[in-house]
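These notes are about the structure you will find just below.
Here is how names work: the chains are called A, B, and so on, in the same order as the sequence lines, proteins then strands, and each is numbered from 1.
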Amino acid sequence: MTPPDGLRGRLEPLPRSQLEADAPRVAPGLLGCVLRVGDRVGRIVEVEAYGGADDAASHAHRGRTGRNATMFGRAGLLYCYRSYGIHTCANVVTGAECEGQAVLLRAVELLGSDEDLAPVRADRPAARRRVDLANGPGKLCEALGITLDDDGTDLCGPGSRATLCYDGAAPRHRVARGPRVGISVATGRPWRFWVEGSPYVSR
DNA sequence: GACAAGATTGACT
DNA sequence: GTCAATCTTGTCC
């Protein structure tokens, strides 16, 4: 497979050790990284950190349940859940095992030529502009083809359908931060991070 | 078993 | 800016 337009270098899987810190520390470091799912590739431009039991806005706040079990797994797993009965949202599990910390992926810049993205556009006739294809947690999953079946995928595993990678170049962006979006509790924590000036962020 | 809530999105006014 | 869609999960009785 030929690498899509927009990559700066060769894709190297992210070392799991980088994900084993607390979510608010890991989150800004994920900006600029590349998420590959099957033959679709996106550069991460917006994330939100969710802590463990001490974060009232986190799914882990009420402890481990059937739905959030993946969140309590090892760092580097993909935690997927259904939001509002309609959309799928994707997180990267961080921190130590059993802590329940994760980083929500809110927006990516899809990489590839217009031709590469034709199937994505076909799935989303409402998104007229390229920047509208993956500028939100639900849209990101749809654009990259992430489903609930991908819950528990090891993003640091070489053979996984979904992997988290560097593309070899040092980040050139500035990181902006602010309060998280769409939550009703613990709104005071500025744990949303995005690439300053990027047109691909959700809001 | 019943019910309420939700880390969203897109259509409509 | 407002609001409905949609359905799974967790909680309560």
Side-chain angles (χ1 to χ4, degrees), chain A residues 19 22-28 30-31 33 35 37 42 44-73 75 77-95 99-110 117 120-153 155 162 164 176-195 198-203:
Chain A
L19 302 173
D22 289 343
R25 291 181 60 114
V26 172
L30 293 182
L31 296 177
C33 289
L35 181 63
V37 184
I44 298 170
V45 296
E46 183 183 353
V47 296
E48 279 179 6
Y50 286 88
D54 63 334
D55 181 5
S58 170
H59 288 178
H61 180 54
R62 292 171 182 270
R64 184 177 180 142
T65 65
R67 173 169 57 169
N68 66 16
T70 301
M71 240 183 142
F72 290 83
L77 295 186
L78 183 66
Y79 165 47
C80 302
Y81 66 91
R82 190 174 293 290
S83 177
Y84 291 87
I86 310 169
H87 307 290
T88 306
C89 296
N91 299 247
V92 179
V93 176
T94 73
E99 282 188 340
Q101 298 192 42
V103 175
L104 170 69
L105 305 178
R106 287 195 58 89
V108 299
E109 170 190 353
L110 288 173
L117 300 186
V120 183
R121 287 176 183 261
D123 288 344
R124 289 201 88 76
R128 292 188 183 83
R129 301 176 306 159
R130 187 185 176 105
V131 296
D132 292 328
L133 289 173
N135 58 343
K139 292 197 273 189
L140 178 155
C141 287
E142 196 164 323
L144 291 177
I146 297 172
T147 70
L148 293 181
D149 288 341
D150 295 305
D151 183 47
T153 297
L155 295 170
L164 194 56
R177 67 184 296 176
R180 293 175 289 186
V181 175
I183 56 174
S184 53
V185 293
T187 51
R189 296 183 178 184
W191 284 2
R192 172 175 166 250
F193 304 87
W194 66 97
V195 173
S198 171
Y200 296 94
V201 301
S202 62
R203 59 183 79 179

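Among the protein residues, R180(A) comes within range of no part of the nucleic acid, since none of its heavy atoms lies under 4.0 Å from any strand. Contact annotation for I183(A): backbone-only contact, meaning every heavy-atom pair under 4.0 Å involves sugar-phosphate atoms and none involves a base.
In this structure, L104(A) atom CG and dT9(B) atom P are separated by 10 Å, rounded to whole Å. Separating the OH atom of Y79(A) from the C1' atom of dT9(C) is a distance of 10 Å, rounded to the nearest angstrom. The interatomic distance linking I86(A) (CD1) with dA5(B) (C1') rounds to 14 Å, in whole Å. Rounded to whole Å, the distance from OH on Y84(A) to P on dC3(C) is 15 Å. H61(A) has its NE2 atom 14 Å from the C1' atom of dG10(C), to the nearest Å. Computed from coordinates, the D55(A) CG to dA7(B) C1' distance equals 10 Å when rounded to whole Å. Taking atom CG of L140(A) as the reference point, atom C1' of dT8(B) lies 13 Å away to the nearest angstrom. Atoms OH (Y81(A)) and C1' (dT9(C)) sit 13 Å apart, rounded to a whole Å.
For the pair F193(A)/R177(A), a side-chain contact is recorded, criterion being any heavy-atom separation below 4.5 Å from C-beta on. For the pair R203(A) and R106(A), the minimum side-chain heavy-atom distance is below 4.5 Å.
R180(A) places a side-chain N or O within donor-acceptor distance of the main-chain N or O of A186(A), the cut-off being under 3.5 Å. Counting only distance, with no hydrogens or angles, the side chain of D150(A) and the backbone of T147(A) share a donor-acceptor pair below 3.5 Å. Counting only distance, with no hydrogens or angles, the side chain of Q101(A) and the backbone of A23(A) share a donor-acceptor pair below 3.5 Å.
In terms of heavy atoms, L19(A) sits closest to V92(A) at CD1-CG1, 4.1 Å. Scanning both residues, D132(A) and N135(A), for their nearest heavy atoms gives O-OD1, 3.1 Å.
Between R106(A) and dT8(B) there is a side-chain polar atom (N or O) within less than 4.0 angstrom of OP1 or OP2. Between S83(A) and dG6(B), a side-chain N or O to OP1/OP2 separation shorter than 4.0 Å is absent. Look at S184(A) and you'll find a side-chain N or O under 4.0 angstrom from OP1 or OP2 of dG6(B).
The side chain of S58(A) lies closest to dA7(B), out of dT9(B), dT8(C), dA7(B). Nearest to the side-chain atoms of H87(A) among the listed nucleotides dA7(B), dT9(C), dT8(B) stands dT8(B).
With a 3.5 Å limit on both pairing distances and Watson-Crick or G-U wobble geometry required, the stems of 3 or more pairs in DNA chain B span B:1-6 with C:7-12, B:8-12 with C:1-5.
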